[in-house]
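Notes to accompany the following structure.
Residue numbers count from 1 along this sequence.
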Amino acid sequence: IRRPPRSTLSSSSAASDVYKRQTLYGETTMENFKNTPENRWQFFTDQVMGGKSYGKLNFVSENNIKFARMTGNVTTENNGGFIQFRAELSYKLKDESNGIKLTVRGNNQDYFVHIRTSGSVLPWQYYGKKFLATENWSEVELKFSDFKKSSSFMRKNFKPSSIRTIGIVAYGRDHKAQIDVSEIKLF
């Protein structure tokens with residue numbers, strides 16, 4: 001699996017213009033997939049643990065919209081079952097944030113946002129929330145209070161300031177994945 005250079009969603013990075021606190025109507029843009037998103041987002045599959053899922057991540061421009069497109073085949077064969085793309089945050093979010101708003105389209109399948117926090121020590125520890133990606137562009141609003149922990153050893157809820165990574169994930173069942181994400185905002 002080829003991975004791009006490791007980087008972060010950093011306010012001091014070369015791509016910091018994407019992460020300047022662009023607040024409009026109480027929302028802050030975290031990602032709009034402009035200005036070298038391949039330096040911020042990492043793609044990987046369950047092959048890191050012996051699974052057999054496969055896929056890829058491309059950064060696309062279509063009708064003046066820039067977006068990430070993840071495609072692949074998710075299989076639970078050999079105890080696998082995921083593909084994902086994820087970015088690290090090197091700055092703390094404000095605890096006043098209520099959730100994440102995604103602009104997405106896909107193949108009418110369920111996908112997940114997985115959030116890892118400073119309390120997510122083991123690789124399988126995250127907070128997750130399912131959403132539907134329809135064939136047409138739409139906004140999906142996910143409240144942090146609705147995210148579910150993956151392990152009984154984790155806190156029930158998390159503070160936004162503890163978020164370390166955000167991932168878009170095709171997970172948990174055998175299916176073909178295709179999801180496009182053009183924007184990620186905090187609200």
| request: May I ask you to decide whether R105 forms a salt bridge with E183, counting only side-chain N to carboxylate O separations under 4.0 Å? | output: no
| task | Taking atom types as modelled, find out whether R173 and Q109 have a side-chain donor-acceptor pair closer than 3.5 angstrom. | result | yes
| said: How about CG on D95, more than 12 heavy atoms from neighbouring residues, nucleotides or ligands closer than 6.0 Å, or not? | reply: yes
| task | Report yes or no: does N73 contribute a side-chain atom to a donor-acceptor pair with the main-chain N or O of Y54 at less than 3.5 Å? | result | no
| query | Can you tell me if K66 uses its side chain to pair, donor with acceptor, with the backbone of S61 under 3.5 Å? | reply | no
| Pair R69 + D180, salt bridge at N-O below 4.0 Å | yes
| field | Hphob cluster co-occupancy, V140 + I100, side-chain heavy atoms under 4.5 angstrom | value | yes
| said: Taking G99's backbone N and O only, do any of them form a donor-acceptor pair with S97's side chain (distance below 3.5 Å, no angle check)? | reply: no
| message | Treating N32 as the side-chain partner and K34 as the backbone partner, does any N or O pair qualify as donor plus acceptor under 3.5 Å? | response | yes
| For the residue pair F131 and Y111, does the interplanar ring angle fall in the parallel (under 30°), tilted (30 to 60°) or perpendicular (over 60°) class? | tilted
| task | Return the orientation label for the Y127 and F158 ring planes: parallel under 30°, perpendicular over 60°, tilted otherwise. | result | tilted
| said: Would you say the rings of Y171 and F112 are close, in the sense that their centroids are separated by under 6.0 Å? | reply: yes
| said: How close do D46 and S53 get, counting heavy atoms only, and between which atoms? | reply: OD2-OG, 2.7 Å
| If only atom types and distance count, is the side chain of D174 paired as donor or acceptor with the main-chain N or O of T76 below 3.5 Å? | yes
| request: Considering non-hydrogen atoms only, spot the tightest contact between A177 and V74 and give its length. | output: CB-CG2, 4.4 Å
| task | Take W41 and F59, measure what ring pair (Phe, Tyr, Trp, His ring centres under 6.0 Å) needs, and give me the verdict at the end. | result | CA-CA 10 Å; W41 291 90; F59 297 98; 7.9 Å; no
| How about T134 and N108: does a side-chain donor come under 3.5 Å of a side-chain acceptor? | no
| What about the rings of W137 and F67, do their centers lie closer together than 6.0 Å? | yes
| request: Hey, could you give me the CD/CG distance between E31 and L102, rounded to the nearest 0.5 Å? | output: 11.5 Å
| query | Would you say the side-chain atoms of S150 pair up with the backbone N or O of W124, donor to acceptor, closer than 3.5 Å? | reply | yes
| Backbone N or O of I166 within a donor-acceptor pair of the R116 side chain at under 3.5 Å? | no
